[in-house]
Every structure is written in structure tokens, then in C-alpha cells.
Amino acid sequence: MSRERYFIGDLVVDVASASVKRGAGELEVAGLSFDLLVTLARRAPDVSSVEDLITSVWNGDAVSDETVVQRVALLRRALGDDAREPTYIRSIRGRGYRLVPEVRSRRSGSTPFGKRLWLSLAAAIVAVVLAVALWPEAADSSRPATTASPSVAELIARADEYRTRHQEADNDLAAALYRSVLERQPDQVEALAGLSLTLSQSVTKFNRAQAEGDRALELAERALRVSPDHPGANYAHALALDSRGRVAAAIEGYLRADALGGGVSGLASAAYLFQIQGRLARALQADLEVYDQF
């Protein structure tokens, strides 16, 4: 196998590790923003049209030109770029976008055995922790044998706790717990929404493949069919849309989740997206509403 890297001015983009480095530091470029940067690098020095970007980054999904513009703005922010005097990404009026620096690519040999070994060990660790979480009595042979297993409510509570730690291994463990609930009750709305959230986090926080984001959207839509007014399901749906760059629909979902209450607030997420849209007054209003909730 070979390792795909791009050198864009002072940036080093490693596709396999989904990382962007400047000097000794690593920049926070993840999800669709990372895919966008790689697409521009692969097409350099040519201009990438909006249609090309939708095909490559959004897999041809029906997204608007505005979605592409907003994602370019997010990528520029992550790189510290200025659209008026661009260092990395230049807008070509009527045509699309291209990278400003010369782009050099390199494919070097890799040794995947080490990575496979680590993934195998990580999977084994998750399996052991899951077994202990699901059957804590098994660790103590002095206890009488029992066939009882944790209730659905207990499993969801544990999964929620792991998910909100925002660590990759914990996120994977949360996903396993939600799946165990869905094996018992395929239409359990909290588990559907929770698994959707973990998969969206996998894409936005841990640079997993967009296929997990697609699955997150499917699960959230399923949860909404089960319970259209469930706050958590509406929030999960909004986050799944957000991770795919569908900003307007995501804002609508966040605000609906907030309006439904139930301890779920989408205002902070909506405020951030209002800011991305340049609707600063609305972003400030949402931030103040978040403040009033505390």
C-alpha cells in the first residue's frame, strides 16, 4: 500500500491519518472540511467547480451552492486564511476554487500491520469493557449465577455517559451499547437518536468515513418516524444534517429540538451556524437565549 500526502505551501496533508499539520502543530481540519481540502489538492493546479466539489465531497447529494460556500469559509477559518488576501484558497469568479500554493504530492510505502494490530487491540479492549459493562456480576464468582441483564434504561444511561465524554474509545463503546438496545427493541427512540449522535460525532470529531454520517442521518430519520416530537431525535437529525453541511436545515432542526424542550438545547449549535451564515445579530440573540437558560 502507499500513503497519500500533499504539501500545500507550509501545510502537510496526510490522507490516511486525516491530519493537516503546519510545522510541529496540527490544525483542526476534520470531516467535510478535510475532504474539501483533499479534493482541491488532488485537482491542483486546476480550478474545482462547485459541481465538481459537490460530486467529490458530498457524493453528489443535492446540496446548494451556498452549502459549498459556507464549507469553504469553514475550511478557510481552520487554516487561518483570508478570502480577501488568500494564502491557501482562491475564489475564481464564475468558475470555482483553486489552491494558491504549488501542491506537491507524495505516495510513500506504509506498513499497515502496526495499524491493524492497534485496531485489533482496540477492538478487543472495547469488547472486554462492554462485557464488563453489560454483565458486571460475571467478574465476581462468589455471587450466585444469574441470567438477569441490564435493563434498556440502564444501557441507555451508560451509553449516554460514554458518549458525552467525547473520547473516541468511549464513543465506540457508546455505539456498541446503543446497538445492543436496538437488538432488543429496534424502534427504541432514545437508542436510535443516541446511536445517530455517536456516528455523527465519529465523523465530525474523529474523522471517520462519511458513510458513518450517512448512517447517522438514516437513524435520526427513523427515530423521527417513531416519535416526530422527540427532542433528542430532532437534535440528532439536526447534527446529522450539520455534519453533511446542510446548514439551513440543521439550524431549523436545532431550533425545533430546543423548542420541544425535554432538557435538549440546540441554541448553541444554531448560534454557531448563524455566525457561519453571517447572520451575526441572530447569532448574538441565540447566544443570549443560551445564557438565559443557565
Side-chain angles (χ1 to χ4, degrees), residues 119 122-140 143-206 208-244 246 249-250 252-266 269:
L119 291 175
I125 291 170
V126 169
V128 170
V129 175
L130 177 58
V132 173
L134 292 178
W135 298 285
E137 296 86 354
D140 187 353
R143 296 185 182 183
T146 177
T147 58
S149 60
S151 68
V152 164
E154 289 171 332
L155 290 174
I156 291 175
R158 292 177 189 175
D160 290 344
E161 179 185 352
Y162 284 123
R163 174 175 55 80
T164 54
R165 291 177 183 176
H166 300 288
Q167 299 295 321
E168 188 167 10
D170 291 327
N171 201 64
D172 289 341
L173 182 53
L177 290 168
Y178 288 128
R179 288 189 177 104
S180 71
V181 172
L182 293 174
E183 288 176 2
R184 298 189 197 179
Q185 300 180 14
D187 290 331
Q188 215 291 333
V189 66
E190 284 83 6
L192 288 169
L195 183 55
S196 174
L197 289 169
T198 63
L199 295 179
S200 290
Q201 285 190 167
S202 293
V203 175
T204 59
K205 294 180 181 292
F206 309 122
R208 298 283 183 86
Q210 185 56 48
E212 295 200 11
D214 297 339
R215 180 61 176 153
L217 185 57
E218 292 173 5
L219 288 162
E221 290 173 344
R222 185 170 146 197
L224 287 176
R225 287 195 294 272
V226 174
S227 181
D229 294 330
H230 190 280
N234 279 270
Y235 184 87
H237 189 240
L239 182 60
L241 293 169
D242 193 352
S243 72
R244 297 173 66 86
R246 295 168 62 178
E252 182 179 347
Y254 285 135
L255 294 179
R256 175 169 169 77
D258 186 76
L260 289 169
V264 176
S265 175
S269 298

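Any value given below was found using the heavy atoms of this structure, including those in side chains, with hydrogens, waters and symmetry copies removed.
Looking at Tyr254 and Leu239, their side chains come closer than 4.5 Å, going by heavy atoms from C-beta outward. Residues Arg163 and Asp170 have side chains not in contact (no heavy-atom distance under 4.5 Å, counting atoms from C-beta outward). At least one side-chain heavy atom of Leu195 sits less than 4.5 Å from a side-chain heavy atom of Thr198. Here the side chains of Leu155 and Arg184 are in contact, with some heavy-atom distance below 4.5 Å. Contact annotation: the side chain of Tyr235 approaches that of Leu197 to within less than 4.5 Å [non-hydrogen atoms, C-beta and beyond]. Between Glu252 and Leu241 the shortest side-chain heavy-atom distance does not fall below 4.5 Å. In this structure, Arg225 and Glu221 have side chains that are in contact, with non-hydrogen atoms separated by less than 4.5 Å.
Closest non-hydrogen pair, Leu217 versus His237, comes out as CD1-CD2, 3.7 Å. Between Ser196 and Ala216, the shortest heavy-atom contact is OG-O, 2.7 Å. The shortest heavy-atom contact between Ala236 and Ala220 is C-CB, 3.9 Å. Residue Ala233 comes nearest to Ala223 through the heavy atom pair CB-CB, 3.8 Å, listed as atom of the first residue, atom of the second, then distance. Val181 and Ala191 make their closest contact through CG1-CB, 3.7 Å (heavy atoms, listed as atom of the first residue, atom of the second, distance).
In this structure, the separation between CG on Asp172 and CG on Leu177 is 11.0 Å, given to the nearest 0.5 Å. Taking OG of Ser243 as the reference point, atom CG of Leu199 lies at 9.5 Å (rounded to 0.5 Å). Put simply, NE2 on His230 and CG on Leu192 are 10.0 Å apart, with the number rounded to the nearest 0.5 Å. Separating the CG atom in Asn234 from the CG atom in Asp229 is a distance of 7.0 Å, to the nearest 0.5 Å. Expressed to the nearest 0.5 Å, how far CG of Leu219 lies from CG of Leu224 amounts to 11.0 Å. Here Arg215 contributes atom CZ and Ser200 contributes atom OG; the two are 12.0 Å apart, rounded to the nearest 0.5 Å.
Under the salt bridge (Lys or Arg N to Asp or Glu O under 4.0 Å) criterion, Glu212 pairs with Arg208, sequence neighbours left out.
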